[in-house]
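Naming convention: chains lettered A, B, ... in sequence-line order (proteins, then strands); numbering from 1 in each chain. All heavy atoms count here, side chains included; hydrogens, waters and symmetry mates do not. Just so it is clear, the structure is predicted and the values come from calculations on it, not from any experiment.
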Protein chains: 2
Amino acid sequence: MKLDSEHLEILAMIVERGGLTEGAEALGKSQPSVSRTISNLEKRLGMPLFELGRRPLQPTHFGRALAEIGLRIHNLNKEAQRLAYHFSKGYAGHIRIGGTPIFMDGVISHMLADFQERADGVQFDQSYGYLDSLLGNLRNKTLDMAILPLRDDQTPMDCDFRPLIPGRNVIACRSGHPLARKGPITLKEIDAYSWVAPPANSPLFRDLKGAITSIGSENFKFTFSGGTLASIQSFLVRTDCLTVLPYSVVYLMKSAGQIVSLPIKVSHPDRKLGILTRKGEDLTPMLKTFISFLEEQCENLECRMARETRIAQGRP
Amino acid sequence: MKLDSEHLEILAMIVERGGLTEGAEALGKSQPSVSRTISNLEKRLGMPLFELGRRPLQPTHFGRALAEIGLRIHNLNKEAQRLAYHFSKGYAGHIRIGGTPIFMDGVISHMLADFQERADGVQFDQSYGYLDSLLGNLRNKTLDMAILPLRDDQTPMDCDFRPLIPGRNVIACRSGHPLARKGPITLKEIDAYSWVAPPANSPLFRDLKGAITSIGSENFKFTFSGGTLASIQSFLVRTDCLTVLPYSVVYLMKSAGQIVSLPIKVSHPDRKLGILTRKGEDLTPMLKTFISFLEEQCENLECRMARETRIAQGRP
DNA sequence: CCAACTTCATAACAAAAAGCGATGTTAGGG
DNA sequence: CCCTAACATCGCTTTTTGTTATGAAGTTGG
């Protein structure tokens, strides 16, 4: 015999409040309404839920036992309400985010951590990939958003692109590196060192090649390639190798004091790091708040980087 | 915004069964019914619960999260159904039982333990008392049943009395007692020992006096009185005192091998041990099954006692 | 790529449930 | 004994739920 969960909740409220009238009040219903509900429930169960002939309605043992279950149901219902509220306000939700490895590891992961503190109901599914795979996953809806470098004219028709940070690259090395303490650096000095490269199919790898040629060097000795940011960093601090990384990544790594950027101008790719989402689909509230959080954080980061640059160039 | 718990249950079933149609089937409802329910729920929440444009209806993360809560509600609802079923069938319930101490300790407590195995959802509140207090507690509904010795004509108007066992008393002593190994016992021999008595306000105490005078003795030396069955028993096994106890109590104590009854006829009170309940009130199913269990057990006990008596008298 | 099939959404209507105010009934308290 | 608070009942309206019939959209297998 199926019981209506709502009836059990009503029973629970009556028992908890110690009376039918108070219970009805707490439920926002009229007294006759809950009276009949209880009456019907008793009829259906074939057993009294309340002692009859007692004015401050007193539950039977059976009624009390059912009311306990009803209370638990009521609490779960309230939990569901909270959940719905959090989801609707963007305090909770699920985000499947994919992006290019270096930038995800070097910049976005920090922001994920910060965002977690603000919206503790969020759950991230992170994955890595380059344009093609990210776009594919966006389209087949296994990804909610992608973070990658993109030229404005590269934006696919069915997607929206929100730029976060310009794609400015720098040459990076360990902080004790012989080149790090010098002022101007000559091409010949740089040619003396070999390079650490990201995976060969990454855009950053093409950037690396462009950057090296842009400063006139043609030395392409790769001592190490194919690693993630963590292994690149570990390798750099233990050798005198150089590498090319987004300035934002190096900037955030600087605080650890192991990696620095060299004061050499290199060619910048005409791409911007940004967020790619499916077009014409209303984002979940969670996704909206997260995206605006990222935009805010990146703007802040860019501001700090600009100040740092001015200082380095002697222009306070 | 209040959610309907039943809607959450429906959502849970759809997610669990992997489709709206199967979910509707499992719920015993038509497919359009649950379809509209979900549709309304989504409208109310302002967020989709299922990915649109997917034929085997696939829940969103939000839908899945709500469904989990719905499933827990559904399980609680089923638990409530089980509870109601158990109560209605007498497999579960609460029994407030009061009775005269010696009989409760010596006979009923054994049966409570046995009953517990048969109906594991039962919960006993046991208390002690004599006629007046038991009757009072029955009337003000702090007691569901009382167990006590009563004359048929003593039954109060507003109560029902169900006899369980005739009130037959015997003289009891420790098994190694000098009188225990003899055949016929003379009055003079009995007079040599002093007595252990139950509380002075108990009916058993009056029985004791009656029994002693019935065998002609006028020796009323009370070495010990006022204790419960446990202390009477402890006292008896360590002394040569005698006492008067209901035969049923002694019979059940015999199996431990420390207490025996003496083969002397004593006067029997014209009362029967039985169950007193409020009249004109339909007993809970639990109480009904328990009472019939007690009746069955006592009949069985009486039968065993009768056989024992025949054997003791040499009539197999 | 096109049937054929499944699966879900919608419409229209009937039935049940839940809501309410007015009012009757009863237990508890001076 | 009467009064009051608490609950039950009645009559009515509104809302919800359920059903069948039917249409639309996604899936599948060739």
Problem set entry | For DNA chain D, the residues among residues 3-21 of chain A that have a non-hydrogen atom under 4.0 Å from it | Gly19(A), Leu20(A), Thr21(A)
Seminar exercise, completed: Residues passing the side chain to side chain donor-acceptor pair (under 3.5 Å) test with Asp160(A), sequence neighbours excluded, are none
For this session: Would you mind telling me which of dA6(D), dT17(D), dC8(C) lies closest to the side-chain atoms of Ser33(B)?
Result: dT17(D)
Problem set entry | Ion pair Glu25(B)/Arg17(B), N-O distance below 4.0 Å | no
Seminar exercise, completed: Rounded to whole Å, NZ of Lys29(B) lies from P of dA17(C) at a distance of 11 Å
Seminar exercise, completed: Heavy-atom nearest nucleotide on DNA chain C taken for Pro56(A) and for Gln31(A); more 5' hit belongs to Gln31(A)
Exercise. Taking CG from Asn40(B) and P from dT17(D), how many angstroms apart are they, rounded to a whole number?
Worked result: 8 Å
Exercise. Would you call Lys29(A)-Glu22(A) a salt bridge at under 4.0 Å N-O?
Worked result: no
For this session: Ignoring hydrogens and angles, state whether a donor on the side chain of Glu79(B) or Asn75(B) is under 3.5 Å from an acceptor on the partner side chain.
Result: no
For this session: Select one nucleotide: of dT19(D), dC8(C), dG21(C), the one nearest the side-chain heavy atoms of Pro32(A).
Result: dG21(C)
Please tabulate, for side-chain N and O atoms in residues 46-65 of chain B, each donor-acceptor pair with protein atoms closer than 3.5 Å (sequence neighbours left out).
| from | atom 1 | to | atom 2 | distance (Å) |
| --- | --- | --- | --- | --- |
| Thr60(B) | OG1 | Pro48(B) | O | 3.1 |
| Thr60(B) | OG1 | Leu49(B) | O | 3.2 |
| Thr60(B) | OG1 | Phe62(B) | N | 3.4 |
| Thr60(B) | OG1 | Gly63(B) | N | 2.9 |
| His61(B) | ND1 | His94(A) | ND1 | 3.4 |

Problem set entry | Carboxylate-amine/guanidinium contact Arg72(A) Glu9(A), below 4.0 Å | no
Seminar exercise, completed: As a check of understanding: the bend across the helix from dC1(C)-dG30(D) to dG30(C)-dC1(D), end axes from five pairs, rounded to 10 degrees, works out to 50°
Problem set entry | Residues from residues 43-55 of chain B lying under 4.0 Å of DNA chain D - heavy atoms | Gly53(B), Arg54(B), Arg55(B)
For this session: Among residues two or more places apart or on two chains, list those pairs meeting salt bridge (Lys or Arg N to Asp or Glu O under 4.0 Å) that have a residue in residues 136-147 of chain B.
Result: Arg96(B)-Asp144(B), Arg139(B)-Asp158(B), Lys141(B)-Glu281(B)
Exercise. Quick one: is dA8(D) close enough that its OP1 or OP2 comes under 4.0 Å of any side-chain N or O from Ser35(A)?
Worked result: yes
Exercise. What's the CZ-P distance between Arg36(B) and dT16(D), to the nearest Å?
Worked result: 10 Å
